[in-house]
Amino acid sequence: MIAYLEQFVSETTTESEPKLEEEEEEEDENKILLCKQIELQGSIDFHCGACKDFGGLNQSKPLAVIKPVGTEDLVRVIRSVISSSASSSSNLTTVAARGNGHSINGQAMTDENGLVILMREINGQIDIIRRNHSCSNGDVFVDVGGGVLWEDVLLHCYYTSGLAPRSWTDYLGLTVGGTLSNAGISGQAFRYGPQTSNVTELEVVTGKGEIVTCSENQNSELFHGVLGGLGQFGIITRARIPLQPAPHMVRWIRMVYSEFDEFTNDAELLVNRAECDSFDYIEGFVFVNSDDPVNGWSSVPLGSNQLFDRSRIPKSAGPVLYCLEVALHYRNGDDLDTVDKVVSKMIGRLRFIRNLKFESDLSYVEFLLRVKEQEEEAKANGIWDNPHPWLNLLVAKKDIADFDGLVFKKILKDGIGGPMLIYPLLKSKWDTRTSVVLPEGEIFYLVALLRFQLPMVGPSVQDLITQNQEILQCCTKRGFDFKLYLPHYRSDDQWKSHFGKQWSRFVERKTKFDPMAILAPGQKIFSRNN
Ligand code: FAD
């Protein structure tokens, strides 16, 4: 299974011949017809430039970009595409919902006859729902629009009710619909599962142009299909997400290891501990055993006043070191001595290098928005808008030590200019009825290679893409059990191999909910049917 990694600029960007005046007039008439045909309440922009995404590896110019005002507009758009093929009145092909465009490989794009719907333009519904008003412990949920950013969900819920969702992503500038179409993974997933395991109801506009409310008990095939469904079965317009009381504060801790097996044993020990005995957040990362200012020792401390004492690193250490990153929630007014004691007890038997432990206390909101600060810095120095050939994998526990030996210790021993995340997840916290596919076994690891590069400095984007291919080829050659997270393939065979036993279920769901293959063409799984 070798991933198809797109060329730096995709073939969709080829120059077209200049148009004759009559052709332009005819085109304008068609556009006017199209506007009438769709009867949008929102607006349609035919003069949009090419769409790009966070990856910056692809761009494509759709026929038009739609700014919808509500769910009904989505229905109108999809029905117009369906009827355009029946009447041949226009040549509309596909519809791509665009969340915040934070995909890497053009997943939210469409071709030159497709329409891109800007989901963030729909009014950002965020309503807290209390199921049982008379009971203070009644279940509480938030109903949130598919185009709403997770950071807005956090701020609204926390500041209006002191409540918050349970499962997050590391970075919250992503839309609810965008992450639920993939999985939504962060350091809470070991306990609560990914975001796809933390939603009780969805409203979806299917590829047939129908608005459907679905849940575990109502239209469950659509519900499970859409979760992790890569946008293939419907556009998520509303999600109901359970809330719980939010802590006020977080003790954020990093502990350094020189040996991979000690790092993974401790990480697995923590994710398997009972809730009352473990941290509230568990992740980890690999860094370079050197003074490299970006990839090395200085990337570990949690504040400019903390120093990394390199003399503590054992002589036997290899080219890379490992950092277990954990967090403990607490409330304002909790005795800090008690917090210290709880932490000491929990880390007492861990085998990290003593004196290579870093701590910081910060508010819960600051903790969840920790990447936003880095985003602002990265925007200022140009690395946020530069291309990001990221690679995200889910690797089975049985292969993770060999993966470390071959990939981290060899191919990536000098780092990647950004975080190299690695942490264990538990399959029992994932709902196998959703469309997400996972490696075998209860424990598997998220590996995220989040490459950042200064403009015009370091290896070319093509070299980085080649390095990603080398990693995937190495995993395939060794027979590792792994899946791409946020997958991107081009051929049927690669998609079939990705989904494995679940391919036929995925195809059946497509036939049922988007039979003409109108939705999310940028995933390149199905071709448009007439
Ligand atoms: P887009 O990129 O706009 O869309 C992604 C796909 O979903 C497209 O196919 C699109 O058509 C479809 N889609 C979008 N909205 C909808 C909708 N409402 N209904 C149905 N389909 C829809 N992921 C994690 O799991 N954990 C992380 O910690 C994490 N951190 C990240 C940090 C950064 C800086 C970036 C760039 C990405 C990160 N991701 C993370 C990956 C992220 O979850 C995915 O890229 C996700 O798709 C981005 O969401 P988006 O809203 O930008 O979606």
Side-chain angles (χ1 to χ4, degrees), residues 51-56 58 62 68 71 74 78 94-110 114-122 144-151 167-189 193-196 202-207 222 225-239 281 283 368 370-372 374-375 378-379 383-385 387-388 390-392 394 418-419 421 423 425 435-436 446 448 450-452 485-488 513-514 518-525:
C51 288
K52 290 188 180 171
D53 61 16
F54 183 81
N58 301 267
T71 304
L74 269 53
I78 292 174
T94 51
V95 175
R98 180 180 169 96
N100 207 18
H102 275 45
S103 292
I104 300 300
N105 292 282
Q107 284 96 333
M109 294 181 191
T110 182
L115 301 172
V116 168
I117 300 182
L118 302 182
M119 294 301 292
R120 287 192 61 197
E121 296 290 327
I122 303 190
V144 53
V148 174
L149 295 183
W150 281 103
E151 64 190 33
S167 186
W168 296 99
T169 44
D170 294 343
Y171 167 71
L172 305 191
L174 308 167
T175 63
V176 168
T179 68
L180 290 179
S181 299
N182 285 295
I185 310 172
S186 184
Q188 304 82 14
Q195 291 179 321
T196 43
L202 295 172
E203 179 191 80
V204 170
V205 180
T206 67
L222 181 62
V226 165
L227 294 171
L230 308 175
Q232 294 305 303
F233 313 116
I235 300 179
I236 299 169
T237 48
R238 178 179 62 79
Y281 160 102
E283 288 200 2
L368 288 180
R370 63 198 179 280
V371 181
K372 200 178 171 74
Q374 292 169 5
E375 174 183 356
K379 277 186 174 156
I383 64 171
W384 192 261
D385 298 319
H388 303 97
W390 286 8
L391 183 63
N392 290 276
L394 303 172
L421 306 184
Y423 55 91
L425 294 160
S435 297
V436 186
L446 173 90
L450 310 180
R451 300 171 183 278
F452 282 95
Y485 176 54
L486 314 168
H488 51 101
F513 302 116
D514 181 23
I518 287 170
L519 298 176
Q523 300 278 3
K524 298 191 168 60
I525 307 176

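For ligands, and for the atoms within them, numbers begin at 1 and follow the listed sequence. No hydrogens, no waters, no symmetry mates; every other heavy atom, side chains included, goes into these values.
Separating the CG atom in Asn100 from the OG1 atom in Thr175 is a distance of 6.5 Å, to the nearest 0.5 Å. Expressed to the nearest 0.5 Å, how far CH2 of Trp150 lies from CG of Leu174 amounts to 10.0 Å. Expressed to the nearest 0.5 Å, how far CG of Leu425 lies from CD of Glu283 amounts to 9.0 Å. For the atom pair Leu519 CG and Ile525 CD1, the distance stands at 11.5 Å (nearest 0.5 Å).
With a 4.0 Å heavy-atom cut-off, ligand 1 is reached by no atom of Glu375.
Under a 3.5 Å cut-off, the side chain of His388 and the backbone N or O of Phe54 do form a donor-acceptor pair. Under the 3.5 Å distance criterion, the side-chain polar atoms of Asp514 are left unmatched by any main-chain donor or acceptor of Phe233.
Looking only at atom types and distance, the side chain of Asp53 has no donor-acceptor partner in the side chain of Ser103 under 3.5 Å away. In this model, a donor atom of one side chain and an acceptor atom of the other lie less than 3.5 Å apart for Thr237 and Glu203. Side chain to side chain, Thr179 and Gln195 meet the donor-acceptor criterion of an N or O pair below 3.5 Å.
Considering only non-hydrogen protein atoms, atom 5 (C) of ligand 1 sits nearest to Ser103 OG, 3.3 Å. Closest to atom 35 (C) of ligand 1 among all protein heavy atoms lies Trp390 CZ3, 3.6 Å. From the protein, the heavy atom lying nearest to atom 28 (O) of ligand 1 is Asp170 N, 2.7 Å. With respect to atom 47 (O) of ligand 1, the closest heavy atom belonging to the protein is Asn182 ND2, 2.9 Å. Nearest protein neighbour of atom 45 (O) of ligand 1, counting heavy atoms only, is His102 O, 3.0 Å. Among protein heavy atoms, the minimum distance from atom 53 (O) of ligand 1 is reached at Gly178 CA, 3.7 Å. Among all protein heavy atoms, the one lying closest to atom 38 (C) of ligand 1 is Leu174 CD1, 3.9 Å. Scanning the protein heavy atoms around atom 51 (O) of ligand 1, the nearest turns out to be Thr175 OG1, 2.5 Å.
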What verdict does the ring pair (Phe, Tyr, Trp, His ring centres under 6.0 Å) test give for Trp390 and Phe452, after you've listed the backbone C-alpha separation in whole Å, the side-chain angles of each residue and the deciding distance to 0.1 Å?
CA-CA 9 Å; Trp390 286 8; Phe452 282 95; 5.6 Å; yes

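Note on ligand 1: Trp168 sits outside its first shell, no heavy atom being nearer than 4.0 Å. At least one heavy atom of Trp384 sits less than 4.0 Å from an atom of ligand 1.
For ligand 1, the atoms sitting less than 4.0 Å from at least one non-hydrogen atom of Gly234 are 20 (C), numbered in the order shown with element in parentheses. Using a 4.0 Å cut-off to heavy atoms of Gly99, the atoms of ligand 1 that qualify are 1 (P), 3 (O), 14 (C), 15 (N), 51 (O). Ligand-side atoms of ligand 1 in range of Thr179: 43 (O), range being under 4.0 angstrom from any heavy atom. Contact atoms of ligand 1 toward Ile185: 24 (C), 25 (O), 26 (N), 27 (C), 28 (O) (distance under 4.0 Å to a heavy atom of the residue). When each atom of ligand 1 is checked for a heavy atom of Gln107 under 4.0 Å away, the hits are 8 (C), 9 (O), 11 (O). For ligand 1, the atoms lying closer than 4.0 Å to a non-hydrogen atom of Met119 are 18 (N). Every atom of ligand 1 is numbered from 1 in the order shown, and the set under 4.0 Å from a heavy atom of Leu486 is 41 (C), 44 (C).
Here Tyr281 pairs with Phe367 under the ring-ring contact (aromatic ring centres under 6.0 Å, His included) rule; sequence neighbours left out. For Tyr171, the ring-ring contact (aromatic ring centres under 6.0 Å, His included) partners are His102, Trp384, not counting sequence neighbours.
At least one side-chain heavy atom of Asn105 sits under 4.5 Å from a side-chain heavy atom of Gln107.
The option with the heavy atom closest to atom 22 (C) of ligand 1, from among Gly187, Gly184, Gly101, Ser181, is Ser181. In the candidate list Gly231, Gly145, Ala520, Ala97, Ala97 is nearest to atom 11 (O) of ligand 1, counting heavy atoms. Taking each of Val176, Asn100, Leu74, Val95 in turn, the one with a heavy atom nearest to atom 50 (P) of ligand 1 proves to be Asn100.
The nearest pair of heavy atoms linking Thr110 to Gly114 is OG1-CA, 3.4 Å.
Polar contact check, Ile236 against ligand 1: a nitrogen or oxygen pair lies under 3.5 Å apart. For ligand 1, the polar-atom distance check against Arg98 finds no nitrogen or oxygen pair separated by under 3.5 Å.
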